[in-house]
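Below: one structure, written as structure tokens.
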Amino acid sequence: MSGQRDRGGYHRQRPPTPSSSAPNMSAADPSNVPDAASARSAVTDTSELVEARRAKLSAWRSQGIEPYGKRVEGLVGLAEARARFDAEVQAAYDEAVAAAKASSSSESVDDPRDRVRVAGRVMQHRDLGKLVFLSLRDHTGDLQATISKALVPADAFELAKRLDYGDIVVCEGPIGATRRGETCVWADRIELACKSLFPPPEKWHGLVDPEHRSRRRYLDLHVNPDSMRTFTARSRTISRIRRFMEDRGFLEVETPMMQPIAGGAAARPFTTHHNALDLELFMRVAPELYLKRLLVGGMPKVFEINRNFRNEGVDRSHNPEFTALEAYEAFGDSGTMMELTESLVHRLAVASAEDRRGEDRVRTGDEDGPILPFGDLDIDYRRPFDRITYEDLFERGAGFSCREIDRVRARAREIGIDEAKLDDWFVVNEVFEHDAEPCIDPARPTFVVDWPSAISPLTRAHADRPEIADRWDIFIGGMEVGPAYTELNDPDVQLERFEAQLRDGGDDEERTFRSLDRDFIDALRVGMPPAGGLGLGIDRLVMLLTDRASIRDVILFPLLRPASEAGVE
RNA sequence: GAUUCCGUAGCUCAGUUGGCAGAGCAAGCGACUUUUAAUCGCUAGGUCCUGGGUUCGAGCCCCAGCGGAAUCACCA
């Protein structure tokens, strides 16, 4: 365990204590007798494995081989190098070599095979005496390098024999195949690009402990190709979202992550402090109130893809910092945002399915898709997505209308809700979450439309039905991926809602950090055009597109408690 | 924050009723020019997460703590 190794280092660096019986116990003095603590650490750290590698490192140095190489030109990715293999050329070459051997001609045969220069991490190392096979890996894939004693200088062959798993090498030679038909680089040059000092995970089972995989993502990425694929897919998804939004005329903007008032969502914020200004600040829980100020300023369509921070629990679909797309369109409404969201999610699904064409259970757009597996589900992203009203969904789940408030309250008591002190619509929503949300088909993206105004304080109500807000939420794969609203732009109504929120919402602890964003009200008084607003959880979207069950599998460095130093003060 | 489960070699994992700490891979030395988790011989490698307790004796039982996972709670 890393904790043990770290602790070993700690012991070695710890200055002698007054009670220590041995004088001058310092790491710099190798002659001293180790005390009990350092004797233990010498046993528990990985020094034997690391020392073997260090020994090679200094051996290379003394032979004039630099173990931490330099810039390399003209590299080809391993997948690309593999693609350059030509079986016919190889066959012709084999024949020519055989013919030359048969005629015992001393003339060398011309090699028509493509030459490549590749680099990769050593993932396998098979030494057969005068022939060494290396499995190299880069972010594009794996490729074998074959080093024959007859084809390289003695020192290069010695290097190939003595390579460790995890070392990074540069090889150059014709792309060909072995007798067993494995495509490979027949290296006639091989150089060390970087010596690895770290004992790698087991080559067959790899790194499976989820804690380990997140903490040492750098290992996870090259040991588990799935992980590299997932994070590559995440990156491509985010750039596709950018392109989509830009194509539709949205301007990407950046608004403060540190805010004097954490507004835009009812979530607990993280606090921080600016020293020079002696200012208490909050990490943002949402960019909403700043993006709307930009609509006031005259930007017609804005979006931001960035981090929100919420000081809440952690589970499979929640990380304290998460990435969201938030977008606002002047003169739009929730319907505008619905069309935009459906187009965007559909396009992302089409592109992901295309990237994963041929994979089990994946159907691309031209194969009656896109359909992408997510756990046990095969999620069908074909347009149009499903739509259902909040009230209809409630009735489907509960078996009666949410307007029958006595029955709603009775049901709430049945499922253990203390309904007496809650307003009607909050009781409705408790029953909705318990009985109705599970009725949404998880294999179909579903817009749930027309939510109660009471639980949507920043949303404009329907003109003819003030109790219903012009809002929808999209659910995919059993997760809420995001909401959209027809934004409230009446400053007086907005002020009222804020004040009601401060008065009624949340507990005492929440109220201590809530305060009213008067500048935002001022902005609305200047005048914000009617607008549609959207928020989409990018991490959850990536989970769906890459079939990962946990948000920690799609965030490169998810929040974890610091590794244990238990037992060390 | 609650409950349950997990923590043994660098990695992946066994460990029986409480009775000498195990395997595979990785590592070191040696053999091998067509391997594919190469193979074969030899060698070495342990704070059984930490701290207490019970016991003649604890990896195993009990208590507390640390870390993780799952479920729940929180979560516009």
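Please read these numbers as outputs of a predicted model, since none were measured by experiment. Lettering follows sequence order; numbering is per chain, from 1.
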With a 4.0 Å limit, can you tell me whether [X] has a side-chain N or O closer than that to the phosphate oxygens OP1/OP2 of [N]?
| X | N | answer |
| --- | --- | --- |
| A:Lys203 | B:A38 | yes |
| A:Lys56 | B:G28 | yes |
| A:Arg54 | B:G28 | no |

Open item on the list: Taking salt bridge (Lys or Arg N to Asp or Glu O under 4.0 Å) as the cut-off, I'd like each qualifying pair that reaches into residues 429-438 of chain A, sequence neighbours left out, listed once.
Closed with: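 Residue pairs with at least one partner in residues 429-438 of chain A: A:Arg411-A:Asp435.
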Open item on the list: Is it true that, when you exclude A:Glu95 itself, more than 12 heavy atoms of the residues, nucleotides or ligands shown sit nearer than 6.0 Å to its CD?
Closed with: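 12 or below, so no.
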Protein-nucleotide distance ([X], atom [atom1]; [N], atom [atom2]), rounded to Å:
| X | N | atom1 | atom2 | value |
| --- | --- | --- | --- | --- |
| A:Glu51 | B:A9 | CD | C1' | 17 Å |
| A:His434 | B:C74 | NE2 | P | 12 Å |
| A:His205 | B:A14 | NE2 | P | 11 Å |
| A:Asn311 | B:G1 | CG | C1' | 13 Å |
| A:Leu49 | B:C25 | CG | P | 15 Å |
| A:Glu321 | B:C75 | CD | C1' | 17 Å |
| A:Leu134 | B:U33 | CG | P | 17 Å |
| A:Glu202 | B:G10 | CD | P | 14 Å |

Task: A:Phe432/A:Tyr390 aromatic ring centres below 6.0 Å - done: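 When the ring centroids of A:Phe432 and A:Tyr390 are compared, they turn out to be within the sub-6.0 Å range.
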Task: Heavy-atom donor-acceptor pair, A:Glu182 side-chain to B:U36 base, under 3.5 Å - done: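 Such a pair exists between side chain and base.
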Check: [X]/[Y] side-chain N/O donor and acceptor closer than 3.5 Å:
| X | Y | result |
| --- | --- | --- |
| A:Asp333 | A:Thr486 | no |
| A:Glu326 | A:Tyr328 | yes |
| A:Asp94 | A:Gln90 | yes |

Of all the nucleotides listed ([options]), which has the minimum atom distance to the side chain of [X]?
| X | options | result |
| --- | --- | --- |
| A:Glu48 | B:G28, B:A44, B:U34 | B:A44 |
| A:Glu480 | B:A38, B:A76, B:U12 | B:A76 |
| A:Tyr485 | B:C11, B:A27, B:A76 | B:A76 |
| A:Asp164 | B:A27, B:U34, B:C75 | B:A27 |

TODO: Test A:Trp472 against every option in A:Trp451, A:Phe447, A:Tyr485 by the ring pair (Phe, Tyr, Trp, His ring centres under 6.0 Å) rule and name the one that passes.
DONE: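 Of all the options given, the one that passes is A:Phe447.
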- [ ] Run the numbers on A:Asp450 and A:Arg471 for salt bridge (charged side-chain N to carboxylate O under 4.0 Å, His left out), then give the verdict.
- [x] CA-CA 5 Å; A:Asp450 294 343; A:Arg471 159 192 171 186; over 6 Å; no
Task: Distance, C1' atom - from B:A58 to B:C49, rounded to whole angstrom - done: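 Taking atom C1' in both B:C49 and B:A58, they lie 16 Å apart.
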TODO: Determine the interatomic distance between C1' on B:A44 and the same-named atom on B:A37; round to the nearest Å.
DONE: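 Here B:A44 and B:A37 have their C1' atoms 23 Å from each other.
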- [ ] Name the residue closer to the 5' end of RNA chain B, choosing between A:Gln124 and A:Val208 according to the nucleotide with the nearest heavy atom.
- [x]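 With A:Gln124 and A:Val208 compared, the 5'-side residue is A:Val208.
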Open item on the list: With nearest nucleotide decided by heavy atoms, which residue, A:Arg471 or A:Lys161, maps closer to the 5′ end of RNA chain B?
Closed with: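 That would be A:Lys161.
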Output one line per pair: protein atom, nucleotide atom from nucleotides 68-72 of chain B, and distance, for all N/O pairs under 3.5 Å.
unit_1 : atom_1 : unit_2   : atom_2 : d
B:G68  : OP1    : A:Arg561 : N      : 2.9
B:G68  : OP2    : A:Arg561 : NH1    : 3.4
B:G68  : O4'    : A:Glu211 : OE1    : 3.1
B:A69  : OP1    : A:Arg552 : NE     : 3.0
B:A70  : OP2    : A:Arg552 : NH2    : 2.8
B:U71  : OP1    : A:Arg316 : NH2    : 2.7

